[in-house]
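First up is the structure itself, then whatever we jot down about it.
We name chains A, B, ... by the order of the sequence lines, and we start the count at 1 in each one.
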Number of protein chains: 2
Amino acid sequence: MNSDLSDATQALERAAASCRERGASLTAIRREVLALLYRTPKGIKAYDLLEQMRQTRGNASPPTVYRALDFLIEQGLAHKIGRMNLFVACRHGAHSSPSLFLVCPKCNGVTELEDPDMVTSLYASLAATGHRLDSPEVEISAVCPQCVAGREAA
Amino acid sequence: MNSDLSDATQALERAAASCRERGASLTAIRREVLALLYRTPKGIKAYDLLEQMRQTRGNASPPTVYRALDFLIEQGLAHKIGRMNLFVACRHGAHSSPSLFLVCPKCNGVTELEDPDMVTSLYASLAATGHRLDSPEVEISAVCPQCVAGREAA
DNA sequence: GCAGCGATGTTATAACATCGCATATCCGCC
DNA sequence: GGCGGATATGCGATGTTATAACATCGCTGC
Ligand SMILES: [Zn+2]
Ligand SMILES: [Zn+2]
Ligand SMILES: [Zn+2]
Ligand SMILES: [Zn+2]
């Protein structure tokens with residue numbers, strides 16, 4: 001049975017609720033963008049997103065999608081992978097602990113990984129040099145399991 | 001006394017030697033770009049680099065600098081910080097172990113940090129999910145010591 | 001009504017990066 | 001010296017990613 005759809009719907013409703021709690025609102029545009037992000041778990045580029053948007057909203061323009069993305073990132077609902085100019089939905093409602101973003105150089109897929117031990121070690125390293133961790137996004141280039149196996153997924 | 005200059009000169013000569021070992025050649029353009037990277041340890045953008053280049057080489061164009069940067073990155077002499085579209089010289093001749101790149105969101109400065117413990121922990125995390133580390137560049141957003149102290153360096 | 005405000009529409013442009021093809025330079029070989 | 005391939009550079013155009021600037025809409029409170 002089709003649980004993906006209802007999963008996505010539930011996730012959208014949770015997202016809307018968490019925005020409301022913070023006094024922000026998940027408007028129709030933002031909701032559509034977030035839904036598209038949910039549909040492409042490996043990440044999507046802003047202009048591909050724009051193209052998708054235009055299918056239901058002919059007048060969508062770059063600011064339309066960038067504004068929605070900025071909002072979603074502010075709300076912790078999405079992340080940007082700078083290395084690849086790729087945007088992904090956050091897999092963890094709203095996480096306080098940083099995530100590792102594993103970017104596969106073969107298939108360009110992104111995997112979000114939470115790992116408390118890593119983060120502990122990370123904090124220690126940074127503290128030792130006087131730095132303070134700022135964002136929840138740590139980008140790492142790492143070949144994904146599929147591509148390690150040689151299957152070179154799309 | 002002015003040891004920066006001779007340091008940079010030495011570094012350039014080491015770089016040239018390591019290129020030669022690999023059958024590559026550090027040509028005049030590439031050498032100039034690398035020298036500019038050495039002069040801006042916090043990282044520099046491609047088009048700022050281009051502007052600098054034009055002061056001594058009026059006909060420099062975007063491909064001029066991007067080609068040189070690609071070469072330097074291939075040779076392990078420079079790194080790209082995807083998050084910021086910033087390029088930095090590698091602080092470690094040619095390093096096999098990955099580095100952490102701490103990008104300060106206040107001053108946009110980049111610090112390259114080698115930390116074996118972190119890397120060990122990182123390998124463990126990745127192996128646990130079937131990933132294999134690919135590139136020597138791990139990007140982390142972290143406020144630098146100067147900015148932690150509130151000095152908001154340029 | 002009508003200010004105040006957040007969101008959106010719209011146009012243009014800034015900023016970053018690559019392509020394609022011609023020319024030049026180097027180097028080993030005849 | 002002359003040739004041929006590989007590498008490097010010049011140069012114009014183009015492609016890709018992101019933001020600036022300004023107008024407008026729709027709601028809420030007064
Ligand atoms: Zn997340
Ligand atoms: Zn992959
Ligand atoms: Zn390095
Ligand atoms: Zn700083």
Original post:
Can you find an N or O donor on one side and an acceptor on the other, under 3.5 Å apart, linking the side chain of A:Y47 with the base of D:dA18?
Top reply: yes
I want to verify a distance call: between [options], whose nearest atom is closest to the [X] side chain?
X: B:R67; options: D:dG10, D:dA8, C:dT8; result: D:dG10
X: A:R30; options: C:dG9, C:dT8, D:dT17; result: C:dT8
X: A:S61; options: C:dT11, D:dC11, C:dA17; result: C:dT11
X: B:A46; options: C:dA17, D:dA18, C:dG9; result: C:dA17

Original post:
Closest heavy-atom contact between B:C107 and B:C144?
Top reply: SG-SG, 3.8 Å
Original post:
Of the non-hydrogen atoms in A:L133 and B:S141, which two are nearest, and what is the gap between them?
Top reply: CD1-O, 3.5 Å
With a 4.0 Å limit, can you tell me whether [X] has a side-chain N or O closer than that to the phosphate oxygens OP1/OP2 of [N]?
X: A:K45; N: D:dT17; value: yes
X: A:K80; N: D:dT17; value: no
X: B:N85; N: C:dA15; value: no
X: B:T27; N: D:dT9; value: yes
X: B:N59; N: D:dT9; value: no
X: A:Y66; N: D:dT19; value: no

Subject >> Of B:T64 and A:D48, the one whose closest DNA chain D nucleotide lies more 5' >> reply: B:T64
**OP:** Look at B:E32 together with B:R57 and state whether they make a salt bridge at an N to O cut-off of under 4.0 Å.
**Re:** yes
Without decimals, in angstroms, what is the distance between [X] [atom1] and [N] [atom2]?
X: B:E51; N: C:dA14; atom1: CD; atom2: P; answer: 15 Å
X: A:R83; N: D:dT17; atom1: CZ; atom2: C1'; answer: 17 Å
X: B:M84; N: C:dA17; atom1: CE; atom2: P; answer: 13 Å
X: A:I44; N: D:dT16; atom1: CD1; atom2: P; answer: 15 Å
X: A:I81; N: D:dA18; atom1: CD1; atom2: P; answer: 12 Å
X: A:M53; N: C:dT8; atom1: CE; atom2: P; answer: 9 Å
X: A:E32; N: C:dT8; atom1: CD; atom2: C1'; answer: 13 Å
X: A:I29; N: D:dC25; atom1: CD1; atom2: P; answer: 15 Å

**OP:** Kindly determine whether B:H79 and B:F87 satisfy ring-ring contact (aromatic ring centres under 6.0 Å, His included), including the steps that lead there.
**Re:** CA-CA 6 Å; B:H79 300 287; B:F87 298 86; over 10 Å; no
Original post:
With no hydrogens and no angle check, is any side-chain donor or acceptor of B:T120 less than 3.5 Å from a backbone partner on B:P116?
Top reply: yes
Original post:
In terms of the nearest nucleotide of DNA chain C, which residue is placed more toward the 5' end: A:P63 or B:F87?
Top reply: A:P63
**OP:** Count the heavy atoms of every other residue, nucleotide or ligand shown that sit under 6.0 Å from CZ of B:R54, and state whether that count exceeds 12.
**Re:** yes
